[in-house]
*Asks:* 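Got a structure for you, questions after.
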Amino acid sequence: MKKLPLLLSIGIAGLLSLAASHRSTNQPEGFLTGTPEIKSINALAFGPDGILFIGDSKSAAVFAIDTKDAALVEKPTEVDIKNFDQQVAALLGTTVQNITIQDIAVNPRSKKVYCAVQHSDGTPVLLKIEGNKIEAVALKDIRYSTLTLNNVPSEEAKDKRGQSVRVAAISDIGYADGKVMVSGLSNQEFSATFRSIPFPFTNQQDQASLEIYHAAHGKYETQAPIKTFTTAEINGKKYLVASYTCTPLVLFPLDELKPGTHVKGRTVAEMGSGNSPLDIVTMKKGNESFLFMANSNRPVFKVKYQSIAAYQGALTSPVEENSATAGVDFVSLPVTNVIQLDKLDDTRMILLQRRTNGNLDLWTSNDRFL
Amino acid sequence: MIGFCKHCQPGWIRLCTPHNLIFWVVIWLSACRHRAEMATVTLRWNGNRATGLSIPKNLLPPVAAGSPAHLPEIRLVGTGNQTAVLGQYRTAGEEVLFEPLVPFTRGLRYQVWVLGKRLDEIEIPALTPGDAPALLAVFPSQDSLPENLLKIYLRFSRPMREGQAQKYVGLLNNENDTVPGVFLDLQPELWNTDRTVLTLWLDPGRIKRDLQPNRLLGSPLQNGTRYRLVVSAAWPDEQGACLPKSYAKSFVTVPRDSLSPDPGQWRINQPQPGTGQPLEVDLGETLDYSLLRETLSILDEGGKIVSGEWQVMSEEKKCQFKPQAVWVPGTYELRIESRLEDLSGNNLNRPFERDVARKNVPATAIDFFERPFRLGTTGHVHPLP
């Protein structure tokens with residue numbers, strides 16, 4: 001008889017452990033429900049199953065939030081919103097000069113456009129756009145996971161108010177092959193930080209950053225902060241395709257991005273001065289793939305990945321390829337002042353463009369640029 | 001009154017009393033109703049930011065018992081459209097509170113609408129001249145700068161509006177012509193956490209020798225030239241208040257600096273043990289203001305950080321450390337993080353541009369440099385080998 005309570009308790013314990021393991025299979029590791037303390041939204045990127053990565057420079061953290069927007073939409077409604085900034089400003093009860101559009105990212109599942117906006121007082125807002133409808137994305141009582149970047153300065157490095165003077169601004173975020181990639185710029189030293197962090201996040205991440213160098217013409221080598229990047233497959237190998245703050249286009253084989261290493265990018269193109277690259281996307285039409293790059297002071301550039309592949313095959317020494325011809329040929333599209341760019345599907349892009357009439361429009365490109 | 005009463009019959013007065021009572025009750029009820037109508041929409045503040053609207057429930061159309069109140073819409077006046085401002089509603093006692101996603105904007109007017117009817121209009125008070133921000137300092141502060149200068153810092157008194165630097169900061173040359181393409185148009189801009197210090201990068205593509213931009217356009221700054229950095233008074237802070245005046249800093253360029261700072265050449269003064277005299281470090285050249293504030297520390301014999309405060313002075317050529325406690329005789333160490341840079345981005349480990357043909361560059365970088373020193377009982381600093 002004494003065995004009965006024991007058996008019962010073992011049975012209950014077993015059932016409980018089953019229930020617990022069942023729950024853990026539904027919830028990605030490290031996720032919890034609550035309200036993330038997001039202080040700024042500088043960069044957005046989508047991961048798997050509607051997970052949105054938010055780069056928060058002020059918190060020196062990456063938040064992964066579950067948007068619960070993971071239903072697959074094959075044929076999305078095209079976005080075409082005239083005076084997008086004015087519409088957003090009106091929704092926020094203010095005028096356009098008081099808002100800054102920080103980033104846009106298209107959910108690859110639902111194809112909805114997510115947009116990060118910052119109010120002049122620094123308050124971040126996350127919006128969702130479907131067709132011509134703009135709505136706020138609630139950031140309260142959601143499922144999320146956080147990764148604090150381990151570059152937070154020591155106590156001594158804080159000012160009298162306990163705030164750090166040093167900021168590692170997150171310049172771009174991307175997700176590929178189970179890894180979140182984060183590029184950062186420092187407001188102090190001229191340096192490059194680039195992290196490739198496995199997702200789901202755990203407490204024991206190896207966050208040692210890469211040292212990225214820029215070799216110019218075999219003569220000089222400098223640190224090279226990455227402004228924006230994408231990933232692509234070239235000749236069957238996966239690459240990080242990045243653009244530095246001084247605009248050259250560089251390639252890194254993804255499998256060589258090991259923490260704590262001194263990595264030199266292979267520069268394949270120089271694209272002009274006084275210009276900061278804004279966004280890079282990889283598009284595809286048939287068997288051909290293309291790279292599109294939006295720029296602060298240049299039109300949108302288009303580069304054929306075939307040209308990049310051919311260029312790679314033709315040169316052996318990374319430091320000699322930067323000639324006065326400035327590397328791979330690229331085409332300037334008749335699309336200027338594009339300040340945000342993301343991929344809707346293989347052939348269509350979402351563009352936020354300042355038109356010649358001064359309007360800031362959010363629109364969907366067709367495949368005529370490919 | 002006495003005369004009037006003399007003319008009144010006692011019975012007539014008795015008849016008037018109930019009428020008087022009714023009259024005063026009506027007046028009182030009317031006053032109460034009027035008082036209820038006086039309840040208006042009011043602003044909720046968080047510091048100097050208008051972060052909410054409080055709408056008395058009795059202003060809203062009545063609903064059946066147990067039903068939720070008709071929620072009002074808040075609209076910005078003067079936009080020509082009827083967009084409802086995004087925000088959250090909650091009920092607190094006899095009020096409905098509306099909190100917009102971002103604070104209401106100073107100087108703008110908002111209307112409260114419910115079921116197609118305008119309930120009220122409210123103006124957010126404009127800022128006063130006392131709310132204006134100020135540009136406190138520009139670094140580097142000296143007036144001769146290397147032609148390969150990499151960064152300029154602007155320090156403001158209040159958090160400023162981001163993404164505006166290209167509009168409000170300019171560089172003029174000897175002839176008062178604007179020098180184009182000097183600063184990198186970086187979005188997002190590099191602000192500190194509270195948005196009071198902005199880092200501006202001079203275009204690194206033009207500074208890095210032999211890159212296309214450098215070959216075609218040369219360095220952003222030319223040696224031996226006088227320049228004027230101008231900050232426009234139109235630059236607004238986070239609330240929309242602008243700088244009270246424009247600001248200009250003149251400087252002349254000297255030949256490029258391609259050498260790493262050498263802490264071995266720094267001079268350290270002689271604070272007296274038993275006193276709280278500051279330790280002064282003479283750097284021998286101007287170094288990066290922002291990095292100087294974070295990369296220096298003093299360690300005691302046990303390797304523990306000595307508490308105190310660092311100050312950057314003398315046009316960023318000197319640093320001063322004031323200890324919290326008095327100096328104790330013994331061996332100390334001045335520790336310098338190797339990420340410390342000079343004005344041209346040369347840090348302690350490597351110059352901004354490393355000439356790959358030269359082999360005298362250390363293969364491995366170290367995290368920090370150390371300058372040990374001893375404070376003797378005589379109060380003199382004894383540099384250690």
Side-chain angles (χ1 to χ4, degrees), chain A residues 42 57-58 87 90-95 97-98 100 102 118-123 125 135-136 153 156-157 159 161 163-167 169 171 185-191 214-222 227 245-248 270 272-276 278 296-297 319 322 324 326 339, chain B residues 49 74 76 79 81 83 85-86 100-105 108 110 150 159 161-163 180-181 184-188 190-195 197 199 201 203-206 208-213 215-217 238-240 288 290-291 293-294 297 305 339 341 345 347 352-357:
Chain A
N42 303 93
S57 297
K58 289 196 170 59
Q87 294 208 31
L91 282 166
L92 297 180
T94 189
T95 47
Q97 62 268 31
N98 291 311
T100 311
Q102 300 280 69
Q118 182 171 283
H119 183 240
S120 58
D121 78 339
T123 309
V125 176
E135 59 186 55
E156 295 75 43
D159 66 14
R161 283 170 293 175
Q163 289 176 322
S164 170
V165 185
R166 188 186 191 191
V167 170
S171 61
L185 306 177
S186 165
N187 69 331
Q188 290 187 327
E189 63 266 36
F190 187 79
S191 66
H214 182 203
H217 305 269
K219 286 183 186 168
Y220 301 106
E221 184 183 85
T222 49
K227 177 66 181 68
T245 48
C246 49
T247 332
E270 285 188 52
S273 70
N275 179 40
S276 177
L278 299 173
S296 67
N297 282 317
V319 289
N322 245 343
I339 59 170
Chain B
R49 300 190 301 170
I74 316 300
L76 176 61
T79 52
N81 62 36
T83 307
V85 175
L86 295 174
L101 283 183
V102 301
F104 292 114
T105 305
L108 296 185
Y110 296 85
L150 187 61
R161 194 166 293 180
E162 288 181 52
L184 188 66
D185 183 6
L186 203 55
Q187 298 295 342
L190 294 171
W191 288 89
N192 65 341
T193 313
D194 63 2
R195 288 181 295 139
V197 179
T199 309
W201 277 355
D203 187 350
R206 289 179 61 185
K208 289 182 178 186
R209 279 180 289 183
D210 272 3
L211 276 191
Q212 278 294 101
R215 283 184 175 182
L216 296 172
L217 301 165
E238 61 167 4
Q239 297 261 339
D288 183 281
S290 184
L291 284 162
R293 295 178 68 199
E294 292 195 359
S297 50
I305 289 176
R339 64 188 178 101
E341 292 178 0
N347 76 15
F352 176 71
E353 291 179 314
R354 190 173 77 85
D355 188 337
V356 292

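From a predicted model like this one, the values you see are computed outputs, not experimental measurements. Chain letters run A, B, ... following the sequence lines, proteins first and then strands; every chain starts at 1.
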*Asks:* What part of B:Y110 lies closer than 4.5 angstrom to a heavy atom of chain A: side chain, backbone, both or neither?
*Replies:*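 When you check distances to chain A, only side chain atoms of B:Y110 fall under 4.5 Å.
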*Asks:* Checking A:Q97 against chain B: side chain, backbone, both or neither under 4.5 Å from a heavy atom?
*Replies:* both
*Asks:* Measuring heavy-atom distances to chain A, does B:P103 have an atom under 4.5 Å in its side chain, in its backbone, in both, or in neither?
*Replies:* both
*Asks:* Examine whether an atom of B:L291 lies under 4.5 Å from a heavy atom of chain A, and if so say whether it belongs to the side chain, the backbone or both; otherwise answer neither.
*Replies:*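 It is both, since atoms from each part get that close.
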*Asks:* Heavy-atom cut-off 4.5 Å, strictly under: side chain, backbone, both or neither for B:E341 against chain A?
*Replies:*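 Only the side chain of B:E341 comes within 4.5 Å of chain A.
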*Asks:* Would you mind reporting whether B:T199 and B:S290 have side-chain heavy atoms less than 4.5 Å apart?
*Replies:*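 A side-chain contact under 4.5 Å is absent here.
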*Asks:* With A:T100, which residues qualify under side-chain hydrogen bond (donor to acceptor under 3.5 Å, both in side chains), at least two apart?
*Replies:* none
*Asks:* Which residues pass the side-chain hydrogen bond (donor to acceptor under 3.5 Å, both in side chains) test with B:T105, sequence neighbours left out?
*Replies:* A:T94
*Asks:* Heavy atoms only, distances under 4.5 angstrom: which of A:N42, A:N98, A:T123, A:V125 has the most pairs with chain B? Name it, please.
*Replies:* A:N98
*Asks:* For residues B:G240 and B:R161, report the shortest heavy-atom separation together with the two atoms involved.
*Replies:* CA-NH2, 3.2 Å
*Asks:* Which heavy atom of B:P100 sits nearest a heavy atom of B:V85, and at what distance?
*Replies:* CB-CG1, 4.2 Å
*Asks:* How far does CD of B:E162 sit from NE2 of A:H119, to the nearest 0.5 angstrom?
*Replies:* 12.5 Å
*Asks:* Heavy-atom pairs under 4.5 Å with chain A are the metric here; pick the option from B:L101, B:V102, B:L150 that has the most.
*Replies:*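 Result: the option with the highest number of such pairs is B:V102.
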